[in-house]
Amino acid sequence: ELKKQVVLFGPPGTSKTYEAKQIAGQIIRRHALRQWGPVEYFQRQDRIEELIANHVRRLQLHPAYSYEEFIRGLRLRDGSVAFEDGYLLRLVDEINDEQIPEAETPLPWVLILDELNRADLSRVFGEAFSVLEDRNEAVELPGSEPGQPPRKIVLPDRLYVIGTMNLIDQSLEQIDFALRRRFLWWRSGFDRARLAAVLPELWEQTDTAHRYPWTRISGEVDLFTSRAELLNEQIGASSLLGRDYELGHTYFFDVIGLLAKSERLHRKTRASQFLWNKKGEAHPPVGDLWRMSLEPLIDQYLQGIDADSRKSALTLGTAV
């Protein structure tokens, strides 16, 4: 509400895109509740869902994404070259041209710019840098058709922008200060509570859940979430890694699929231990998750340092 622009930043795998979608929906819901009142708001939930589906847009950025695609550029059409509006200008026109029913008031739109770090932001935004801050003030764009007035961009006051950024791919220090000033920055890190909430849902979706109710495995999964948190604490405290190299909670979701497919759970004799044996040694679901997902990722993070230091750091995860 303050700046209408926020970036969710942090390590990979921390549900930043999911969180951005949730925030986008909340923005529209809160405005609808405020403007319509509680009675109409709760009576028209289908309309709310329709508005969220139409008013929330997600744009996936990538290294080749350009100013010409986002703002405006020359295009070859039917044998001639002409200026053509990019994604943002088309979205602005769509917002301004929206036909609002007589009984309703205008509600926000939300643009999610996914993986800001993958694009050259200064080039992609161009003049849009200033319109992000000076809402309702027109900025003239370079280039115009002969005999036509210059094209201008005015960012609607009811357009909110949410960006997501992985710090592994690009440090905040590399972000243009002009861009940083126009956004608020919200760190998104490993979330044990979210991990603990999602794992039971994933388990109930497996074919193995009917044979082993969640209550049978919940104790060991609680231990698993504790060790995931401990591993990230060790990574955060490491002089070779640090908080930016935490393992996002989504990396740990795969343990449920590995457990559901585990040969031990499909024997005639029912299993009594699921993730660790009585000696505390990891069964294949945990061991495979470490060996095929977490360890290779940490090893990649540690590329560029000497082999002994890398090996020493990896033993932290094995110990956990």
Side-chain angles (χ1 to χ4, degrees), residues 3-8 16-17 20-21 23-28 31-32 47-101 104-165 176 178-179 182-183:
K3 287 200 173 185
K4 294 187 170 65
Q5 287 106 221
V6 64
V7 174
L8 310 181
K16 290 182 288 296
T17 300
K21 293 177 182 177
I23 294 172
Q26 288 173 15
I27 290 169
I28 295 171
H31 276 261
R47 176 58 175 160
I48 293 292
E49 293 301 326
E50 178 186 341
L51 285 167
I52 290 174
N54 185 51
H55 282 204
V56 178
R57 303 297 173 87
R58 178 188 170 200
L59 179 63
Q60 178 74 55
L61 299 182
H62 54 80
Y65 202 74
S66 66
Y67 172 90
E68 290 74 16
E69 293 173 283
F70 190 59
I71 304 296
R72 192 168 184 249
L74 288 169
R75 292 285 186 273
L76 180 63
R77 294 285 185 267
D78 301 322
S80 61
V81 176
F83 282 99
E84 189 172 291
D85 289 347
Y87 184 93
L88 184 60
L89 287 181
R90 295 196 302 271
L91 177 60
V92 167
D93 286 344
E94 185 177 353
I95 296 171
N96 292 334
D97 296 340
E98 181 184 16
Q99 298 298 309
I100 301 170
E104 293 183 6
T105 54
L107 289 178
W109 289 62
V110 184
L111 172 60
I112 298 173
L113 298 174
D114 217 0
E115 300 196 53
L116 287 173
N117 48 280
R118 299 189 65 208
D120 182 346
L121 296 181
S122 298
R123 185 173 189 278
V124 167
F125 275 87
E127 299 82 5
F129 268 138
S130 57
V131 297
L132 284 170
E133 185 174 40
D134 300 320
R135 296 296 182 104
N136 298 315
E137 290 191 16
V139 171
E140 189 173 301
L141 301 176
S144 60
E145 299 294 341
Q148 297 294 323
R151 185 69 160 97
K152 297 181 180 181
I153 179 172
V154 180
L155 213 58
D157 204 44
R158 60 189 179 116
L159 175 61
Y160 291 71
V161 181
I162 303 174
T164 70
M165 175 178 288
D176 191 307
L179 177 67
R182 287 166 170 81
F183 282 84

Task: Close side-chain approach of T105 and I100, heavy atoms under 4.5 Å - done: no

TODO: Name all pairs fulfilling the ring-ring contact (aromatic ring centres under 6.0 Å, His included) condition that reach into residues 130-154, sequence neighbours left out, sorted by first residue then second.
DONE: none

Task: Non-neighbouring partners of Y65 that pass ring pair (Phe, Tyr, Trp, His ring centres under 6.0 Å), sequence neighbours left out - done: H62

Open item on the list: Between R158 (side chain only) and I95 (backbone N and O only), is there a donor and an acceptor less than 3.5 Å apart?
Closed with: yes

TODO: Of all the heavy-atom pairs spanning I28 and P108, show the shortest one and how long it is.
DONE: CG1-O, 3.7 Å

Open item on the list: What I'd like to find out is whether the side chain of R58 reaches to under 4.5 Å of the side chain of T17, using heavy atoms alone.
Closed with: yes

Open item on the list: Test: ring-ring contact (aromatic ring centres under 6.0 Å, His included). Region: residues 73-94. Which pairs qualify, not counting sequence neighbours?
Closed with: none

Open item on the list: Tell me if a side-chain donor or acceptor on R135 pairs with a main-chain N or O of P156 at a distance below 3.5 Å.
Closed with: yes

Open item on the list: With side-chain contact (heavy atoms from CB on, under 4.5 Å) as the criterion, how do L141 and L89 come out once you've worked through the C-alpha distance, each side chain's angles and the decisive distance to 0.1 Å?
Closed with: CA-CA 11 Å; L141 301 176; L89 287 181; 3.7 Å; yes

Open item on the list: Under the rule for salt bridge (charged side-chain N to carboxylate O under 4.0 Å, His left out), what residues qualify as partners of E94, not counting sequence neighbours?
Closed with: R57

TODO: Answer yes or no: is there a side-chain heavy-atom contact under 4.5 Å between L59 and L91?
DONE: no

Open item on the list: I'd like to check the side-chain hydrogen bond (donor to acceptor under 3.5 Å, both in side chains) partners of S66; sequence neighbours left out, ordered by chain and number.
Closed with: E68, E69

Task: Non-hydrogen side-chain atoms of V110 and K21 separated by less than 4.5 Å - done: no

Open item on the list: Taking side-chain contact (heavy atoms from CB on, under 4.5 Å) as the definition, give me every residue that meets it alongside V139, ordered by chain and number, with sequence neighbours left out.
Closed with: E127, S130, V131, I153

- [ ] Using salt bridge (charged side-chain N to carboxylate O under 4.0 Å, His left out) as the criterion, list what pairs up with R47, not counting sequence neighbours.
- [x] E50, E104

Open item on the list: Is it the case that the side chain of Q5 and the backbone of L132 share a donor-acceptor pair, with hydrogens and angles ignored and the cut-off at 3.5 Å?
Closed with: yes

- [ ] Begin from the C-alpha positions of N96 and V154 and carry the test side-chain contact (heavy atoms from CB on, under 4.5 Å) through to its verdict.
- [x] CA-CA 10 Å; N96 292 334; V154 180; over 6 Å; no

Open item on the list: Could you go through M165 and F183, starting from their C-alpha distance and side-chain angles, then the distance that decides it, and tell me whether this counts as side-chain contact (heavy atoms from CB on, under 4.5 Å)?
Closed with: CA-CA 12 Å; M165 175 178 288; F183 282 84; over 6 Å; no

Open item on the list: Quick one, Q60 and E115 - any side-chain contact, counting heavy atoms below 4.5 Å?
Closed with: yes

- [ ] Taking ring pair (Phe, Tyr, Trp, His ring centres under 6.0 Å) as the test, write out the residues that go with F125, two or more places apart.
- [x] F70, F129

Open item on the list: Once salt bridge (charged side-chain N to carboxylate O under 4.0 Å, His left out) is applied, do any residues pair with R151, and if so which ones, sequence neighbours excluded?
Closed with: D85, D93

Task: Residue list, salt bridge (charged side-chain N to carboxylate O under 4.0 Å, His left out) with R75, at least two apart or on another chain - done: none

